Amino acid sequence: MKNSIDNLEIMITEEEIENRIKVLAEEISRDYAGKTIHMICVLKGGVYFMTELSKHINPEIPVSLDFMSVSSYGNAQTSSGIVKIVKDLDEPLEGKDVIVVEDIIDSGRTLYYLLGMLKDRHPASLKLCTLLDKPERRERDVKVDYTGFVIEDKFVLGCGMDYEQYYRNLPYIAVVKS
Ligand code: IMP
Ligand code: MG
């Protein structure tokens, strides 16, 4: 059995996240008016954010979803620098307007590698949307098109983000109090 963390502190509330996601979805809906959107979720962290975000896209814009899983972290709290594809996409990207949806961009290594690889599949366009951005920790230059919240360099949990695979289900974003 997993011991629970008893010193969690809420950093961003459920309501703040919901409101921000609606605003992001409106912005994306304006940018993609008259197009279709192919959203790619980076598992597992991006799954809560992508489902919420996609629900608020203007229904006149057709949205399709695909999933991929890459690993750069294992269970550690610091990046190993090794990025491998654990599960590839089901669909080709050729000619599609693609938005990659991530939970958090930290060193940027994962997305730097992933975006390079996806570009080679010739999408019509490729953009990146992340719920959280920790720019202080950036090691690779990654262009983020849509950002939920910019946060300071703290390890966070919830809304898809885990600590040793647990706590992804928290509806808010929390930090471990030190
Ligand atoms: P990057 O390659 O360093 O940008 O790492 C990105 C991935 O590391 C994210 O998609 C998360 O899965 C994980 N990660 C980075 N920071 C955190 C955090 O504060 N909490 C939980 N997971 C994190
Ligand atoms: Mg992730």
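Position 1 is the first residue of the sequence, and the numbers go up from there. All values derive from a computational prediction rather than experimental measurement.
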Heavy-atom pair of closest approach, residues Lys127 and Asp31: NZ-OD2, 4.5 Å
Ring geometry between Tyr163 and Phe155 (parallel below 30°, tilted from 30 to 60°, perpendicular above 60°): perpendicular
Side chains of Glu16 and Asn19 in contact at under 4.5 Å (non-hydrogen atoms): no
Ile99 vs Ile28, side chain to side chain contact (heavy atoms under 4.5 Å, CB included): CA-CA, chis, key distance, verdict: CA-CA 10 Å; Ile99 304 178; Ile28 292 172; 3.7 Å; yes
Nearest-0.5 Å distance that lies between atom CG in Asp106 and atom CD in Glu102: 10.0 Å
Shortest non-hydrogen contact between Cys41 and Gly46, atoms and distance: SG-C, 3.5 Å
N/O donor-acceptor pair under 3.5 Å between Ser69 side chain and Lys87 backbone: no
Nearest heavy-atom neighbours spanning Asp97 and Thr36: CB-O, 3.5 Å
Ile85 reachable from Leu89 in the ILVMFWY side-chain graph, under 4.5 Å edges: yes
Interatomic spacing from OG1 in Thr147 to CG in Leu131 - rounded to 0.5 Å: 9.5 Å
Val23 with Ile57, same ILVMFWY side-chain cluster at under 4.5 Å: no
Side chain to side chain contact (heavy atoms under 4.5 Å, CB included) assessment of Val42 paired with Val100: CA-CA 7 Å; Val42 185; Val100 175; 3.8 Å; yes
Between NZ on residue Lys177 and CG on residue Leu8, distance to nearest 0.5 Å: 9.0 Å
Salt-bridge contact Lys154-Glu152 (side-chain N to carboxylate O under 4.0 Å): yes
Stepwise side chain to side chain contact (heavy atoms under 4.5 Å, CB included) test for Tyr167 and Met161: CA-CA 7 Å; Tyr167 299 103; Met161 281 160 291; over 6 Å; no
Close side-chain approach of Ser4 and Tyr166, heavy atoms under 4.5 Å: no
Thr130 (side chain) donor-acceptor with Asp133 (main chain) under 3.5 angstrom: no
Inter-residue atom distance Ile17.CD1 - Ile21.CD1, 0.5 Å rounding: 7.0 Å
Nearest-0.5 Å distance that lies between atom OH in Tyr113 and atom CZ in Arg140: 12.0 Å
Close side-chain approach of Leu118 to Ile40, heavy-atom, < 4.5 Å: yes
Lys119 atom NZ, over 12 foreign heavy atoms within 6.0 Å: no
Salt bridge Lys55-Glu52, side-chain N to carboxylate O under 4.0 Å: yes
Heavy-atom closest contact (His38 atom, Ser64 atom, distance): ND1-OG, 2.6 Å
Lys/Arg N to Asp/Glu carboxylate O, Asp66 vs Lys96, below 4.0 Å: no
Heavy-atom pair of closest approach, residues Gly108 and Val142: O-CG2, 3.4 Å
Within 6.0 Å of CG in Asp141, more than 12 heavy atoms from elsewhere: no
Single-linkage hydrophobic cluster, 4.5 Å side-chain cutoff, Tyr172 and Val150 together: no
Lys143/Leu128 under side chain to side chain contact (heavy atoms under 4.5 Å, CB included): CA gap, chis, key distance, verdict: CA-CA 7 Å; Lys143 182 173 176 277; Leu128 174 60; over 6 Å; no
Flag side-chain contact, heavy atom, 4.5 Å: Leu157 against Asp162: no
Asp103/Lys44 salt bridge by N-O under 4.0 Å criterion: no
Check: Arg20 side chain, Gly148 main-chain N or O, donor-acceptor pair, under 3.5 Å: yes
Within-4.5 Å side-chain heavy-atom neighbours: Val156 and Leu132: yes
Minimal non-hydrogen separation, Leu65 against Ser54, with atom names: CD2-CB, 4.3 Å
Basic-acidic side-chain contact under 4.0 Å: Glu139, Arg109: yes
Asn169 vs Tyr48 side-chain heavy atoms within contact, under 4.5 Å: yes
Evaluation steps, salt bridge (Lys or Arg N to Asp or Glu O under 4.0 Å), between Asp153 and Arg138: CA-CA 10 Å; Asp153 179 14; Arg138 202 69 97 254; over 6 Å; no
Atom pair CG (Asp88) and CE (Met68), whose distance is rounded to the nearest 0.5 Å: 4.5 Å
Within 6.0 Å of CZ in Phe67, more than 12 heavy atoms from elsewhere: yes
